[in-house]
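Source: prediction; values computed, not measured. Chain naming here is simple, since letters A, B, ... match the order of the sequence lines and numbering starts at 1 in each. Below, each value reflects all heavy atoms present in this structure, side chains not excepted, and no hydrogens, waters or symmetry copies.
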2 protein chains.
Amino acid sequence: MNAASGLTARLASRVVDYIRRSGLAVGSHLPEQRLADAFRVSRTPVRHALHVLAGMGVVARRPRHGYFLRRVPAQTPKLPIRDDAALAEERYLRIADDRLAGKLEDQVTETALMRRYGLRRRELQRTLHRMQREGWIERKPGHGWMFATLPDSVEAHAQSYRFRMLFEPAALLEPGFRIDRAELERIRRDQRMLLDGGVHRLSRARLFEIGSDFHETLVSFSGNGFMIDAIRRVNGMRRLLEYRAKCDRGRFMEQCREHLHLLDLLEQGDPGRAAAYLRRHLDLVREKKTGIPSSSSTPPRHAATVTAQL
Amino acid sequence: MNAASGLTARLASRVVDYIRRSGLAVGSHLPEQRLADAFRVSRTPVRHALHVLAGMGVVARRPRHGYFLRRVPAQTPKLPIRDDAALAEERYLRIADDRLAGKLEDQVTETALMRRYGLRRRELQRTLHRMQREGWIERKPGHGWMFATLPDSVEAHAQSYRFRMLFEPAALLEPGFRIDRAELERIRRDQRMLLDGGVHRLSRARLFEIGSDFHETLVSFSGNGFMIDAIRRVNGMRRLLEYRAKCDRGRFMEQCREHLHLLDLLEQGDPGRAAAYLRRHLDLVREKKTGIPSSSSTPPRHAATVTAQL
DNA sequence: CATTGCATTTTGTTGCGCCAAGATACAGAA
DNA sequence: TTCTGTATCTTGGCGCAACAAAATGCAATG
């Protein structure tokens, strides 16, 4: 059973999800068209997915009758996915690491990179375009690419936190703010897991991911597409910015506790306090990361003037 | 003299700029290598650019001696540019317009669009990818694309202004805030020109552009890359959002006056007041565009709580 | 020796055709 | 009917080759 095409693998996972969610009884019939409609695809890929699941013993096929549920799969939906995204990520990181480690010149050509990393043009281009979007490489006017002088890590960090402090707390106060219980529970579980030893067990990359996801999920509750977009983009640059910063796992646990407290505040239905708390949280992290003391030392006149308009 | 390749055209413009800026005397020699170094390209495209300029009478060629300045070109650097970006924009708008006018189904395939608009795959895909980034179309799992249900125009508008009110005024208070005199004068001239009848003379598209540019330039003074990115993205969606909103040219002139006043405040070196003014300006525009009254009617408790942390 | 003129090499884009994967249509079984 | 099984059509990704554009090297010139 080879890894199948992207879609069939993804569908297989989604079908498993669907089964577990819908609480179907063992023996239930799984009509192809029903699933196809649910997932907005045609029957063909659904059929392939079911074939894969049959191989895993989740469903059984009765010729001329279709597929039937055989056992509700264990918690893990299993991932035999030919993980394109992960491969792309790996390529990205390989180049990013080399660049940040000073192993790549300021100016490079595509073919040189293709040779060096054994990539095909398409793959490389996708990676370069991503970097371009993130603003740390740009095309030269003629041929080749040029790495932008990396924004000074500390200053960029400070900038990102000042930006976040503006809109993340405000996101909690948006008129469209609605908590998605399931999502909230998910990020709460993640944070608990981190406190429960995960901080020391997981890779840095994974820690980044969970942290980013926490804030992204909160902002997504606001329903404000512009803010959601903003937090995504800031998060997209976090890894780059934090690459050289050391990872203080002690401080990280503190952050988790703050995250959990924030969730509690939210659930108590007081978005005002939650927002204020989030703001202080961000300010603390900012101070820790950049060493620049809180802005409360700057004359508060400006801020007061601005917010007086509220 | 055909439109030449993108780079040569762009170079031609830049060379003209360079000539006008450097105040070279008529008759000066323009060594290819010097220009090539200045623009970070090789001599080849520089030579092509000079050839084009020779055709326009800006420079003269003496065989075996190279190119010499013949007359310092008039104010306008002239644009014989085969404007790729503009073509892309046109394609984008053509599809966007049709969609917004309800002429396109919710689900479409690439080839259908290619036929309908006579585009090549590459061109279409670039357009679709842009739309995807902007969040109003997405791939179906299998084949084809699906237009997302457009965010309700009024609500999206309100969201964008709430977002802008958070960070645009704050941009003026960023520690790295530095006014670029030349840029400031440029946008001031633009606004004056609008007041001076431009509002009624120019196309809607051009009005959009000048308005977007005004705010983008202000935010760019902050030096905060995240905020600059944010305003660019918000502006990128403005045209789409305002497509169906009527264009009130009277109100537009009022906006221009406010813009000019804002520039005055900035020049007086009081960013605090400028920020406050900008915030009120945005709030007024928001109210005008969405009909939703100012948020001051909502309990100010939240805002106060948040900003108390400043 | 700096610079042009020209030839050659390198680079990156575009068009085209192929093919796996998805959509669709239809016949037949339950 | 409703659903499966199967055949056929369509879509869109991928690699290759050709081409245009840019870089590079070198001889010739003032």
(message) Working note: Trp145(A) + Glu138(A), criterion side chain to side chain donor-acceptor pair (under 3.5 Å); need CA distance, chi angles, decisive distance, verdict.
(response) CA-CA 6 Å; Trp145(A) 296 76; Glu138(A) 53 191 33; over 6 Å; no
(message) If we count only N and O atoms by modelled type, under 3.5 Å, do the side chains of Arg120(A) and Gln125(A) hold a donor and an acceptor together?
(response) no
(request) Could you tell me the separation between the OG atom of Ser220(A) and the CG atom of Asp229(A), rounded to the nearest 0.5 Å? (result) 13.0 Å
(message) A cation-pi test, strictly: NZ or CZ of Arg130(B) under 6.0 Å from the centre of the six-membered ring of Tyr92(B) and no more than 45 degrees from its axis. Yes or no?
(response) yes
(request) With rounding to the nearest 0.5 Å, note down the distance linking CZ in Arg14(A) to CZ in Arg10(A). (result) 8.5 Å
(request) Starting at atom CZ of Arg120(B), determine the distance to atom C1' of dG12(D), rounded to an integer number of angstrom. (result) 18 Å
(message) In this structure, how many angstroms lie between the P atom of dA23(D) and the CD atom of Glu32(B), rounded?
(response) 13 Å
(request) State whether Phe68(A) and Arg62(A) meet the cation-pi test: NZ (Lys) or CZ (Arg) under 6.0 Å from the six-membered ring centroid, and within 45° of the perpendicular axis. (result) yes
(request) Would you kindly compare Leu30(B) and Thr111(A) by the position of their nearest DNA chain C nucleotide and give the one closer to the 5′ end? (result) Leu30(B)
(request) Could you tell me whether Arg91(B) sits above the aromatic face of Tyr117(B), with NZ or CZ closer than 6.0 angstrom to the six-membered ring centre and within 45 degrees of the axis? (result) no
(request) May I ask you to verify if any side-chain N or O of His29(A) is less than 4.0 angstrom from the OP1 or OP2 atom of dT2(D)? (result) no
(request) Nearest whole angstrom, please: distance from the C1' of dT14(C) to the CD of Gln125(A). (result) 12 Å
(message) Nearest whole Å is fine: how far is dA23(D) P from Leu11(B) CG?
(response) 9 Å
(message) If you assign Glu110(B) and Arg34(A) each to the DNA chain D nucleotide with the nearest heavy atom, which residue ends up on the more 5' nucleotide?
(response) Arg34(A)
(request) Send over the distance from His51(B) NE2 to dC6(C) C1', rounded to a whole Å. (result) 16 Å
(request) May I have the distance from Trp145(B) (atom CH2) to dG13(D) (atom P), rounded to whole angstrom? (result) 8 Å
(request) Could you check whether Arg126(A) gets within reach of a base, just the sugar-phosphate, or nothing at all, counting any heavy atom under 4.0 Å? (result) sugar-phosphate
(request) Give a yes/no on whether any side-chain N or O of Arg10(A) is located under 4.0 angstrom from OP1 or OP2 of dA21(C). (result) no
(message) Output one letter per nucleotide in nucleotides 23-30 of chain C: B when a protein non-hydrogen atom lies under 4.0 Å from the base, S when only the sugar-phosphate is that close, - when neither is.
(response) BBB---SS
(request) Count the heavy atoms of every other residue, nucleotide or ligand shown that sit under 6.0 Å from CZ of Arg94(A), and state whether that count exceeds 12. (result) yes
(request) Counting Watson-Crick and G-U wobble pairs whose two distances are both under 3.5 Å, find the runs of 3 or more in a row that involve DNA chain D. (result) C:1-30 with D:1-30
(request) Taking the side chain as every heavy atom from C-beta outward, state whether Arg121(A) and Thr111(A) have any atom pair closer than 4.5 Å. (result) yes
(request) Check whether any side-chain N or O of Arg61(A) sits under 4.0 Å from OP1 or OP2 of dC3(D), and answer yes or no. (result) no
(message) Just the rounded figure in Å: distance from P of dT11(D) to CG of Leu124(B).
(response) 13 Å
(message) In this structure, how many angstroms lie between the C1' atom of dT11(D) and the CE atom of Met146(B), rounded?
(response) 17 Å
